[in-house]
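We use all heavy atoms of the structure for the numbers below, so side chains are in, but hydrogens, waters and symmetry mates are not.
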Amino acid sequence: MENQITRKELCDKFGYSLTTISRDLRAMRANNEFKKYIQKTGHRTVRIDLEGYRKFLDFKEQQYKKVLWNAIIISAHTFFVNKKEVLNVL
């Protein structure tokens, strides 16, 4: 964890707002796999491992795609079940 930066530097590097960075850091702290990448060095000073944050963003994207894919499957299943019921009535 040698490449540590502050929240403000993360904002500048990735173009996210401070609110988005803070939300991501809360999610990282809640996940045992990613909390090791955050180091609180003072009362309000937080240092984040850059590579760890990138891994978290990849993880977040994978989770989003998984949820999206599940929603598509459920929607398609519901559509075809309803279509089958309509055809059985006719």
Side-chain angles (χ1 to χ4, degrees):
M1 291 198 333
E2 59 196 40
N3 197 7
Q4 294 184 338
I5 59 177
T6 65
R7 286 183 288 190
K8 178 66 176 139
E9 291 169 332
L10 273 179
C11 291
D12 295 338
K13 185 157 190 71
F14 290 97
Y16 297 149
S17 69
L18 188 59
T19 304
T20 300
I21 297 294
S22 296
R23 188 180 312 121
D24 284 349
L25 294 180
R26 275 195 304 274
M28 287 177 73
R29 285 186 191 106
N31 188 321
N32 287 332
E33 183 180 343
F34 296 106
K35 72 163 102 177
K36 62 185 173 190
Y37 297 117
I38 302 172
Q39 183 180 19
K40 188 166 182 158
T41 58
H43 174 65
R44 294 183 62 170
T45 308
V46 176
R47 306 287 291 176
I48 303 100
D49 180 67
L50 186 58
E51 189 59 34
Y53 187 71
R54 285 189 176 123
K55 288 179 184 178
F56 174 75
L57 291 179
D58 291 339
F59 168 78
K60 198 165 100 168
E61 181 180 2
Q62 290 171 357
Q63 293 301 312
Y64 174 77
K65 287 179 180 179
K66 189 185 301 183
V67 168
L68 186 61
W69 183 247
N70 287 338
I72 290 170
I73 290 172
I74 290 170
S75 296
H77 176 72
T78 304
F79 171 77
F80 287 114
V81 167
N82 290 340
K83 187 174 182 180
K84 186 177 179 182
E85 289 173 1
V86 169
L87 291 176
N88 286 339
V89 171
L90 295 175

I'd like to know whether E61 forms a salt bridge (charged side-chain N to carboxylate O under 4.0 Å, His left out) with K65, so could you lay out the CA-CA distance, the side-chain angles of the two residues, the decisive distance to 0.1 Å, and finally the verdict. CA-CA 6 Å; E61 181 180 2; K65 287 179 180 179; 3.3 Å; yes
Within-4.5 Å side-chain heavy-atom neighbours: V46 and T6: no
R7 and I48: CA distance, side-chain angles, deciding distance, side chain to side chain contact (heavy atoms under 4.5 Å, CB included) verdict: CA-CA 7 Å; R7 286 183 288 190; I48 303 100; 3.9 Å; yes
Pairwise distance [atom1]([X]) to [atom2]([Y]) - rounded to 0.5 angstrom:
{"X": "D12", "Y": "I5", "atom1": "CG", "atom2": "CD1", "value": "9.0 Å"}
{"X": "K13", "Y": "L50", "atom1": "NZ", "atom2": "CG", "value": "5.5 Å"}
{"X": "L10", "Y": "R54", "atom1": "CG", "atom2": "CZ", "value": "9.5 Å"}
{"X": "K66", "Y": "L68", "atom1": "NZ", "atom2": "CG", "value": "13.0 Å"}
{"X": "K55", "Y": "Y37", "atom1": "NZ", "atom2": "OH", "value": "3.5 Å"}

Is there a donor-acceptor pair under 3.5 Å between the side chain of S22 and the backbone N or O of L18? yes
For R47 and Q39, indicate whether the former's side chain and the latter's backbone hold a donor-acceptor pair under 3.5 Å.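 Here the side-chain-to-backbone pair does not exist.
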When the side chains of residues 24-32 are checked against the rest of the protein, which donor-acceptor pairs come out under 3.5 Å, sequence neighbours left out?
| from | atom 1 | to | atom 2 | distance (Å) |
| --- | --- | --- | --- | --- |
| D24 | OD1 | K60 | NZ | 2.7 |
| D24 | OD2 | Y53 | OH | 2.6 |
| D24 | OD2 | K60 | NZ | 3.4 |
| N31 | OD1 | E33 | N | 2.9 |
| N32 | OD1 | K35 | NZ | 3.2 |

Under the side chain to side chain contact (heavy atoms under 4.5 Å, CB included) rule, what do F14 and T20 come out as? Steps first, then yes or no, please. CA-CA 11 Å; F14 290 97; T20 300; over 6 Å; no
Mind checking what makes salt bridge (Lys or Arg N to Asp or Glu O under 4.0 Å) contact with K40, not counting sequence neighbours? none
Assess the pair F59 and F34: is the distance between their ring centroids shorter than 6.0 Å?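 Centroid distance F59-F34: below 6.0 Å, so yes.
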